[in-house]
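I have placed the structure first, in the form of structure tokens, so that the comments after it can refer back to it.
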Number of protein chains: 2
Amino acid sequence: MDPRETILSTAMKLFGEKGFEGTSVRDIAKAADVNLAMISYYFGSKEKLFEHVVDYKSSSIRVVFEELAKSSIPQIEKVDKIIDSYVVRMFTNPQFHHLLHRELSLHQRPQMHDAITEILLRNVVTIKGILQSGIDSGEFKAVDTDLTIATMLGTINHLLISESMCRKLLHKNKGFNPFTSKKLKERVSEHLKQLMRSHLLINNKSDKR
Amino acid sequence: MDPRETILSTAMKLFGEKGFEGTSVRDIAKAADVNLAMISYYFGSKEKLFEHVVDYKSSSIRVVFEELAKSSIPQIEKVDKIIDSYVVRMFTNPQFHHLLHRELSLHQRPQMHDAITEILLRNVVTIKGILQSGIDSGEFKAVDTDLTIATMLGTINHLLISESMCRKLLHKNKGFNPFTSKKLKERVSEHLKQLMRSHLLINNKSDKR
DNA sequence: AAAAATTAATTAAACGTTTGTTTAATTTCA
DNA sequence: TGAAATTAAACAAACGTTTAATTAATTTTT
């Protein structure tokens, strides 16, 4: 195996679980089964390694919504697709999202903070455009678009952040982890889509009960 | 000033900003303008100090919803009050909420993790009861109560966590911090109340546009 | 194709700081 | 005077990083 990739994925896992300051380069070297000095040799420093991890992983989460925005399907279906995309993304790699949001809540490493902000902000701007188009065309109510986005992302994020809380909440069965289950993904998708229909659509006939 | 309280509030501020591992006891001693050894003298250890901080501050955020649950007003108005309560709470002391949620996303200090989970879980159970009552009485649609709660808390939490993102998003004006502004609080309150009405109420006439 | 030379990868050990904590001496105040 | 509060100094351990030596791989030369 390529030691570079081994270090990167191990570092990603440990940074995600224990935070940047909570993870020592010795922890990483041990878990990746490489010599301590290899980390400096390949990445220069712990902080540079961290930047490489963020760079390395954000390419995989960078979904392009620009194309979706241009397509001619109803805006509410675009919202559906965005929800599906975010749910899959965040549940596929929860550790990395913990890492990103933890970094956003810290006042350390300002340049990393800005870099992450820019990554997340690009998609937010596109989504805001889609919501605004829906409002302008009369398909959506004149909702607060910024806060509507906060609701979409915040709902998923909240489930990720409070993973263990959620486990106790959703399933008394202790051996079962809802975060590896497809059921929860679908449940979140379904919930958010219904929620957004109720919130956005003017003539909402979505109550199927 | 009482050095104990000075240390507690300083530690709370620094832990909130830089995380537990990112804050040294020397940082705290310097910022609190007390001698380094005073922290061990008063609190025993850094970890004990952290527990004192969480204990000390969680008493102030521990709002009792049990009484609200028992009162005889419509369930939707109870939801309104819960939203107001959470918005005020989380915007009043955002650093402490950063601290709590960061701790929940980490796999360090399991006992602290459990303690925080229990604090947050108590309110969640009560809120879930209120939603379920609304469903049972026919006032609310048969929504997914767990995820509805995740939406309420997640929306507020998302605005806190991505504070700087939000600042760029909501106001291009860089000198203005939306998190000290009453306007954002009211905006979030308003948004969530409308959202929950659309989501929960069966005959929703809340569209005032 | 074999040998020599050169570069790259890997290692154990050590470097100087910073960490949390403790000690022992001193000051403060009742 | 005596207990509590406060201090500067020192402690060992852990930290990120570097060094210098060794092995492995690659390239060059014969």
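We name chains A, B, ... by the order of the sequence lines, and we start the count at 1 in each one.
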Among [options], find the nucleotide with the atom closest to the side chain of [X].
{"X": "A:Ser24", "options": "C:dT22, D:dG16, C:dT11", "result": "D:dG16"}
{"X": "B:Ser40", "options": "C:dA12, D:dA5, C:dT21", "result": "C:dT21"}
{"X": "A:Val25", "options": "D:dG16, C:dT11, D:dT6", "result": "D:dG16"}
{"X": "B:Arg26", "options": "C:dT21, D:dG16, D:dT6", "result": "C:dT21"}

Looking at A:Arg109 and A:Glu103, is any side-chain nitrogen of the basic one under 4.0 Å from a carboxylate oxygen of the acidic one?
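Salt bridge between A:Glu103 and A:Arg109, a charged N being under 4.0 Å from a carboxylate O: yes.
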Salt-bridged, A:Arg102 to A:Glu21, with N to O below 4.0 Å?
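Result for this pair is no, no salt bridge flagged.
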Over all strands shown, is A:Ile39 touching base, sugar-phosphate only, or nothing at heavy-atom distances under 4.0 angstrom?
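Result for A:Ile39 = nothing.
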Can you check the [X] [atom1] to [N] [atom2] distance for me, whole Å?
{"X": "A:Ile7", "N": "C:dT10", "atom1": "CD1", "atom2": "P", "answer": "9 Å"}
{"X": "B:Lys18", "N": "C:dT18", "atom1": "NZ", "atom2": "P", "answer": "13 Å"}
{"X": "B:Lys30", "N": "D:dA8", "atom1": "NZ", "atom2": "C1'", "answer": "16 Å"}
{"X": "B:Phe43", "N": "D:dA5", "atom1": "CZ", "atom2": "P", "answer": "12 Å"}
{"X": "A:Tyr42", "N": "D:dG16", "atom1": "OH", "atom2": "P", "answer": "20 Å"}
{"X": "A:Glu21", "N": "C:dT18", "atom1": "CD", "atom2": "C1'", "answer": "14 Å"}
{"X": "A:Lys46", "N": "C:dT17", "atom1": "NZ", "atom2": "P", "answer": "19 Å"}
{"X": "B:Arg4", "N": "D:dA5", "atom1": "CZ", "atom2": "P", "answer": "10 Å"}

Is there a side-chain contact between B:Asn35 and the phosphate of D:dA5, meaning an N or O under 4.0 Å from OP1 or OP2?
no
N/O donor-acceptor pair under 3.5 Å between A:Lys46 side chain and A:Phe20 backbone:
yes
Please tabulate, for the side chains in residues 91-98 of chain A, all donor-acceptor contacts under 3.5 angstrom to protein atoms that are two or more places apart in sequence or on a different chain.
from: A:Thr92; atom 1: OG1; to: A:Val88; atom 2: O; distance (Å): 2.4
from: A:Gln95; atom 1: NE2; to: A:Glu17; atom 2: OE2; distance (Å): 3.3
from: A:His98; atom 1: NE2; to: A:Leu160; atom 2: O; distance (Å): 2.9

Candidate pair B:Ser24 and B:Asp27, rule side-chain hydrogen bond (donor to acceptor under 3.5 Å, both in side chains), full reasoning
CA-CA 5 Å; B:Ser24 72; B:Asp27 287 340; 3.3 Å; yes
Residue whose closest nucleotide on DNA chain C lies nearer the 5' end, A:Leu36 versus A:Tyr41
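Result: A:Tyr41.
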